Amino acid sequence: MTQPLWTIPDIIEATSGSCEDTSNQPVTGVSIDTRTLQPGDMFIAIVGDNHDGHAFVAQAFEKGASCALVSSDVQTGRTPPGPLIRVEDTLKAMEALGSKRRDQVNGDVIAVTGSVGKTGTKEMLRLCLSQQGKTHASEKSYNNHWGVPLTLARMPVDTEFGVFEIGMNHPGEITPLTQFVRPHVAIVTTVEAVHLGFFESVEQIAEAKAEIFKGLEPGGVAILNLDNPYFSLLRERAEQHGSYIISFGQDTKAESRILDISLEPEQTHVRANILGYDVAFTIGAPGVHFALNALAVLTAVQQVGGDIALATNAFQQISAQKGRGQRHVYELGQKKSVVVDESYNANPASMRAALKAFAQLPRDEFSRRIIVLGDMLELGEHSERLHLELLEVIQTAGIDLVFASGQYMAVLYDALPEVLKGAYAEKSSALEAEVLQAIRPGDAIMIKGSLGSAMGPVVAALQGHMTTLSNKDNMKK
């Protein structure tokens, strides 16, 4: 019989809670969202900015929740719909639950942070390590003050490899999270001008990322990007916490380094040396940034006792995720068109990486490269300058037509040569008709912007339009 994730008495002990039902009822999962809750899950009623989870307790039990963790001052009526574990603060109780589970797990734990590439690196680690032992990893981008303790609370006791993503957009946010996770290995993918509106400089962002070392277990390993200008700062902070430093990058002095790289439209071929061990592998997504993150992943795998050669086999399974470079190809007559969905987020570093990868699309397959750009947000007083700096990257990438929306993209759009200008609108929704009218068979179109710039609906409209055109063409055949 599979060991339950928790029992009600376990939860009561870990959270200092109280419950009238103290039976040894198994709890098979932990949920904070009734939309994804599975039968047997414990429902934790988190009080958020927009919703109070206590309003969904009854619904949780209707969907098969085994119990619910609720605040002690919440009134539920005469007859509770199921076992209620009462605590003073449900978020703090979830943190206590996560800390308890971290104490119980003897496996190796890896934490990932960085300005870009966190989720992709975490997913690479999940794929590589799951072939070598029981692996538990963060879902989606669960990397904040509730996502990290929730992931810990969901971790089975017999986990051999734990992989956690840790994010921030203000100073001081990583410290408590890494102290919950207590990793044996910490990866910092890179430091870039992301969330710069909340910091005085990129150096301050580097200091915030360096907080991850505060939670490293004694003798822990810090894996750092030697190509990044803030490598020395990160190394110094890691050394202050007694960490062992390993560098990765394209720099020939890196301990894990790229020897050769070849980019194709749908994949990346890499030869690398990982701590003295030569490997060759193919990643199922295009981009130098994927190759660099793979170096950090293989280094981490080696540090937790994994097999590097076996880990490289997993890279072929890597594919760009929705909103993070996912590609949709459409057959339109004798030509193909592709829609590249980069709508989940954007910052100067990820924008450059996406444009460079987009530039790899062959001209003999796709006649025009079109980009639809929304604002990069949270850049503060540097916003206009950082948007304007994209002009050189766009021209280098061989872009044929640019559509743009948002107050900061207006600065870039105005600076474009007239031949590159497609259309500009203040809001992304006003761009949809312009983009749909301009595209034709053989075009490659990339859509990218910060989540708040609402580029996702543009992607959906474009996909629907392409599907309609493709279906009409198939009917003619």
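Remember, predicted model here, so these are calculated numbers, not experimental data.
- Within the 3.5 Å criterion, the main-chain N or O of Lys134 finds a donor-acceptor partner in the side chain of Glu160.
- Here the side chains of Leu373 and Phe403 are not in contact, with every heavy-atom distance at 4.5 Å or above.
- Between Lys336 and Glu331 there is no salt bridge, since no side-chain N of the basic residue sits under 4.0 Å from a carboxylate O of the acidic one.
- Among the candidates Ile205, Val202, Asn228, the single residue satisfying the side chain to side chain contact (heavy atoms under 4.5 Å, CB included) test with Glu192 is Asn228.
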Walk me through it: do Thr119 and Glu165 pass the test side-chain hydrogen bond (donor to acceptor under 3.5 Å, both in side chains)? CA-CA 7 Å; Thr119 301; Glu165 178 181 340; 2.9 Å; yes
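- Asn144 contributes atom CG, which lies 7.5 Å from atom CG of Leu177 (distance to the nearest 0.5 angstrom).
- Here Arg182 pairs with Asp103 in a salt bridge; the nearest charged N to carboxylate O distance falls below 4.0 Å.
- For Tyr424 (side chain) and Gly406 (main-chain N/O), a donor-acceptor pair under 3.5 Å exists by modelled atom type.
- Residues Glu264 and Gln267 bring a donor and an acceptor atom of their side chains to less than 3.5 Å of each other.
- In summary, the side chains of Thr190 and Ser115 do not present any donor paired with an acceptor at a separation below 3.5 Å, with no hydrogens or angles considered.
- Ionic pairing of Asp251 and Lys253 is not present here: no N-O contact between side-chain nitrogen and carboxylate oxygen is shorter than 4.0 angstrom.
- Residues Arg368 and Arg440 meet the side-chain proximity criterion, which asks for heavy atoms closer than 4.5 Å.
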Candidate pair Arg363 and Asp400, rule salt bridge (Lys or Arg N to Asp or Glu O under 4.0 Å), full reasoning: CA-CA 11 Å; Arg363 286 291 188 182; Asp400 299 291; 2.7 Å; yes
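- Other residues, nucleotides and ligands contribute more than 12 heavy atoms inside 6.0 Å of the NZ atom of Lys421.
- Side chain of Arg126 to main chain of Ser138: a donor-acceptor pair is present (N/O by atom type, distance under 3.5 Å, no hydrogens or angles).
- Using modelled atom types and a 3.5 Å distance limit, the side chains of His328 and Gln326 yield a donor-acceptor pair.
- We find the CE-OG distance between Met466 and Ser337 to be 4.0 Å, quoted to the nearest 0.5 Å.
- The backbone N or O of His136 lies less than 3.5 Å from no partner atom in the side chain of Thr159, so there is not a single donor-acceptor pair.
- Formation of a donor-acceptor pair under 3.5 Å by the Arg102 side chain with backbone atoms of Val181 is found in this model.
- Within 6.0 Å of the CG atom in Asp278, the count of heavy atoms belonging to other residues, nucleotides or ligands exceeds 12.
- For Phe281, the ring pair (Phe, Tyr, Trp, His ring centres under 6.0 Å) test picks out Phe315, with sequence neighbours left out.
- Between Lys214 and Glu211 no salt bridge is recorded (no basic side-chain N to carboxylate O distance below 4.0 Å).
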Apply salt bridge (Lys or Arg N to Asp or Glu O under 4.0 Å) to Lys335 and Glu365, showing your working. CA-CA 8 Å; Lys335 296 183 178 181; Glu365 289 187 42; over 6 Å; no
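- Without hydrogens or angle criteria, Glu378 side chain to Phe198 main chain gives no donor-acceptor distance under 3.5 Å.
- In Asp49, the CG atom is not crowded: 12 or fewer heavy atoms of neighbouring residues, nucleotides or ligands sit closer than 6.0 Å.
- A donor-acceptor pair is defined here as one N or O able to donate and one able to accept, closer than 3.5 Å; no such pair exists between the side chain of Ser232 and the backbone of Tyr230.
- Other residues, nucleotides and ligands place no more than 12 heavy atoms under 6.0 Å from the CD atom of Gln437.
- A 4.5 Å side-chain heavy-atom check between Val339 and Arg327 finds every atom pair outside the cut-off.
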Can you list the steps and then say if Glu342 with Arg324 is a salt bridge (Lys or Arg N to Asp or Glu O under 4.0 Å)? CA-CA 5 Å; Glu342 287 273 6; Arg324 301 174 186 269; over 6 Å; no
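- When the shell of 6.0 Å around CD of Glu384 is examined, it contains 12 or fewer heavy atoms from other residues, nucleotides or ligands.
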Stepwise side-chain hydrogen bond (donor to acceptor under 3.5 Å, both in side chains) test for Thr189 and Thr121: CA-CA 8 Å; Thr189 58; Thr121 301; 5.6 Å; no
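- Under a 3.5 Å cut-off, the side chain of Asn225 and the backbone N or O of Val188 do not form any donor-acceptor pair.
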Salt bridge (Lys or Arg N to Asp or Glu O under 4.0 Å) assessment of Lys322 paired with Asp341: CA-CA 7 Å; Lys322 180 180 179 181; Asp341 178 9; over 6 Å; no
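- Looking at Tyr277, its side chain never comes within 3.5 Å of a backbone N or O of Ala309 through a donor-acceptor pair.
- Panel note: side chain His289, backbone Ser350; no donor-acceptor pair is recorded below 3.5 Å.
- The side-chain heavy atoms of Ile32 and Met94, taken from C-beta on, include a pair separated by under 4.5 Å.
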